[in-house]
Amino acid sequence: MGAGLFSGSSPFPVGPTSSGEPKRSSPAAPTIGSKPSSWPAAGGRSAAELYRRDGGWKIRAVGQGYASGLAGLATDYGVVVESEPVATPALLPTQGRRDSRSSGPVVDLSKVERLAPGLLPPARQAGKALADRDIANQRAAVYLILDHDWHMEELYESFAVQAFAERVLALSATLDDDGTVPVVFSSGREPFLEEIRLDNYRGRIGQLHTQVDWGWGNVADAMRRAVGHYQESGAADPAFIVTQVGDEPWDKAEVRSLLQNTASLGVFWLFVGFGRGKLAFYKNLNASASATFTNVAFYDASKNPGSVPDERFYAGLVDAFATWLRH
């Protein structure tokens, strides 16, 4: 990579670390599911969750869909599901580096079929979104940063974050066929780096986040960790870093500085907003003509991204990325 803020050896370790002792993980009670006609198509969906807290039973609305279908929902509640044979998927165009019009071999989704058949439908939809924007031949190293602030606790417990991560993994399968997405949790302490793969994605976010302390997320540290990992990997393809945010950062000046200093490193930042907090900072990053970031975009996925149909969800994820690649 070219010289810049992160040139030379990276100051960020690339191996998994733990920011705190594992936290308790109470078994969830069964969900009661239904599928109103107004809901988008989904293989599995949780309508409400019955749980026990402070000695009493409570119920809350969830409305959460699963990209991996009923198998993903069942797995999150401790059920072991065996993969069923599925029809051989259509081949998607492979990805070139920067030239979206380059021709070459095709990416075979048989790896997804073999290891994660539940992700085939979203992977196909992600591939279609890329093809519709003439970047079907693009390759990229996909990263995922997850907000682990206190206000995100309910969204982790309801598996909304798990479902979101599954959809990002499906997108990764069409951009980088290694079947792995590095995941960085942004918490009050040192960022926690791990990965989600096609062969371990079911319930993976729930397993990992219990090892991370809750707190006020330090998104700048998590961003640095992702860039450090990317540079250490020696990847030649650009990095597409999907950064889920649920509230405004406390280190705004530092975030702006990082965005400026990574513009020349082949790093594209997509901030995806969902949660309960304020998101004006991210929405307005490019609002001023005098302070635009060419490698940054924001997508508001609503408070429940699981309710957003795949076609609209992936359009929101790749629209600005495609524009960036063409410039």
Side-chain angles (χ1 to χ4, degrees), residues 12 14-17 19 66-68 72 112 116 119 122-123 126 129 139-149 152 155-156 159-187 191-209 211-212 217-233 235 237-246 249 255 258 262 267-275 282 295-299 301 305-306 308 310 313-314 316-318 320-321:
F12 314 110
V14 299
T17 63
S19 300
Y66 283 76
S68 54
V112 181
L119 295 183
R139 293 186 66 84
V142 179
Y143 283 77
L144 177 61
I145 295 177
L146 295 174
D147 187 352
H148 207 256
D149 282 7
M152 290 292 300
L155 294 172
Y156 278 93
F159 308 113
V161 181
Q162 169 70 34
F164 175 74
E166 289 180 11
R167 295 171 104 177
V168 174
L169 180 61
L171 171 64
S172 166
T174 69
L175 286 169
D176 185 350
D177 61 2
D178 70 353
T180 301
V181 173
V183 181
V184 183
F185 289 86
S186 169
S187 70
F192 179 81
L193 172 66
E194 253 292 350
E195 60 186 28
I196 183 171
R197 305 190 307 268
L198 292 175
D199 63 355
N200 74 355
Y201 75 94
R202 289 176 174 168
R204 180 64 169 167
I205 299 303
Q207 296 166 3
L208 294 176
H209 98 87
Q211 303 177 51
V212 185
N218 188 338
V219 68
D221 276 357
M223 291 167 66
R224 273 193 293 270
R225 189 65 179 275
V227 174
H229 183 281
Y230 170 61
Q231 290 196 294
E232 289 283 346
S233 74
D237 300 308
F240 185 5
I241 305 182
V242 179
T243 306
Q244 178 268 317
V245 290
V255 170
L258 279 165
T262 55
V267 175
F268 181 81
W269 301 94
L270 178 68
F271 293 101
V272 180
F274 80 86
Y282 298 105
N295 61 326
V296 177
F298 174 80
Y299 170 52
V308 181
D310 279 344
F313 178 81
Y314 286 116
L317 256 59
V318 305
F321 179 59

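Quick caveat, the model's predicted, so the values are computed rather than measured. Each residue takes its place number in the sequence, starting with 1. Hydrogens, waters and symmetry mates are skipped; everything else that's a heavy atom, side chains included, is used.
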Peer 1: Can you see which heavy atom on Asp147 is nearest to which on Met152, and at what distance?
Peer 2: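 For Asp147 versus Met152, the nearest heavy atoms are O-CG, 3.7 Å.
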
Peer 1: If you look at every heavy atom in Phe164 and Val242, which pair is closest and at what distance?
Peer 2: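 The answer is CZ-CG1, 4.0 Å.
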
Peer 1: Please lay out, stage by stage, how Leu146 and Val183 fare under the test side-chain contact (heavy atoms from CB on, under 4.5 Å).
Peer 2: CA-CA 7 Å; Leu146 295 174; Val183 181; 3.8 Å; yes

Peer 1: How far apart are the C-alpha atoms of Val318 and Leu171, what are their side-chain angles, what is the distance that settles it, and do they pass the side-chain contact (heavy atoms from CB on, under 4.5 Å) test?
Peer 2: CA-CA 9 Å; Val318 305; Leu171 171 64; 4.0 Å; yes

Peer 1: How far apart are the closest heavy atoms of Phe313 and Pro305, and which atoms are they?
Peer 2: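 That would be CE1-CB, 4.4 Å.
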
Peer 1: Is the ring centre of Phe240 less than 6.0 Å from the ring centre of Tyr143?
Peer 2: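 That pair fails the under 6.0 Å test.
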
Peer 1: Locate the shortest heavy-atom distance separating Ser186 from Val219; write the atom from each residue and the value.
Peer 2: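 In terms of heavy atoms, the two residues are closest at OG-N, 3.4 Å.
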
Peer 1: Look up atom CZ in Arg167 and atom CG in Leu317, then write down how far apart they are to the nearest 0.5 Å.
Peer 2: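 It comes to 9.0 Å.
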
Peer 1: Is there side-chain contact between Arg139 and Leu175, with heavy atoms separated by less than 4.5 Å?
Peer 2: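 No; the side chains remain at least 4.5 Å from each other.
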
Peer 1: Working to the nearest 0.5 Å, report the span between CZ of Phe185 and CD of Gln244.
Peer 2: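 It is 10.0 Å, given to the nearest 0.5 Å.
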
Peer 1: Glu194 pairs by side chain to side chain donor-acceptor pair (under 3.5 Å) with which of His209, Gln211, Arg204?
Peer 2: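 One option only clears the test, and that one is Arg204.
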
Peer 1: Keeping Gln162 on the side-chain end and Arg202 on the backbone end, is there a donor-acceptor pair under 3.5 Å?
Peer 2: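 Looks like no, no N/O pair under 3.5 Å.
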
Peer 1: Who pairs with Ala165 by side chain to side chain contact (heavy atoms under 4.5 Å, CB included), at least two apart in sequence or on another chain?
Peer 2: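 Counting only residues at least two positions away or on another chain, Ala165 forms a side chain to side chain contact (heavy atoms under 4.5 Å, CB included) with Leu144, Ile196, Ile205.
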
Peer 1: Are Val184 and Phe192 close enough, and set up right, to give a side-chain contact (heavy atoms from CB on, under 4.5 Å), and what steps lead you there?
Peer 2: CA-CA 5 Å; Val184 183; Phe192 179 81; over 6 Å; no

Peer 1: Give a yes or no on whether the ring-centroid distance for Tyr156 and His148 is below 6.0 angstrom.
Peer 2: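 Yes: the rings meet the under 6.0 Å criterion.
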
Peer 1: List the residues meeting side chain to side chain contact (heavy atoms under 4.5 Å, CB included) with Ala220, not counting sequence neighbours, and say none if there are none.
Peer 2: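 Scan of Ala220 (side chain to side chain contact (heavy atoms under 4.5 Å, CB included), adjacent residues dropped) gives Asn218, Arg224, Asp251, Glu254, Val255, Leu258.
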
Peer 1: To the nearest 0.5 Å, how far apart are CG in Leu169 and OG1 in Thr180?
Peer 2: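 Rounded to the nearest 0.5 Å, the CG-OG1 separation comes to 8.0 Å.
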
Peer 1: So do Val245 and Phe274 actually touch side chain to side chain, heavy atoms under 4.5 Å?
Peer 2: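 Phe274 does not reach Val245 side chain to side chain.
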
Peer 1: Under a 3.5 Å distance rule, please check whether Asn295 uses its side chain to pair with a backbone N or O of Val267 as donor and acceptor.
Peer 2: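 Side chain of Asn295 to backbone of Val267: a pair is present.
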
Peer 1: Could you go through the side-chain contact (heavy atoms from CB on, under 4.5 Å) check for Asp176 and Asp237 one step at a time?
Peer 2: CA-CA 9 Å; Asp176 185 350; Asp237 300 308; over 6 Å; no

Peer 1: Going by the rule side chain to side chain contact (heavy atoms under 4.5 Å, CB included), which residues pair with Ala297 if we only count those two or more places apart in sequence or in a different chain?
Peer 2: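 Ala297: side chain to side chain contact (heavy atoms under 4.5 Å, CB included) contacts with Phe268, Leu270, Ala320.
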
Peer 1: Check whether the side chains of Trp269 and Thr243 place a donor and an acceptor atom closer than 3.5 Å, and report yes or no.
Peer 2: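 No pair is found: no donor N or O on one side chain lies under 3.5 Å from an acceptor on the other.
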
Peer 1: Is the shortest side-chain N to carboxylate O distance from Arg197 to Asp178 below 4.0 Å?
Peer 2: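 The answer is no: the pair does not qualify as a salt bridge.
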
Peer 1: Taking all atoms of both residues into account, what is the closest heavy-atom pair of Ile241 and Ala226, and its distance?
Peer 2: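 Smallest heavy-atom distance, with atoms named: CD1-CB, 4.1 Å.
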
Peer 1: Might you point out which heavy atoms bring Asn200 and Glu195 nearest each other, and give the distance in Å?
Peer 2: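 So the two residues come closest at ND2-O, 4.2 Å.
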
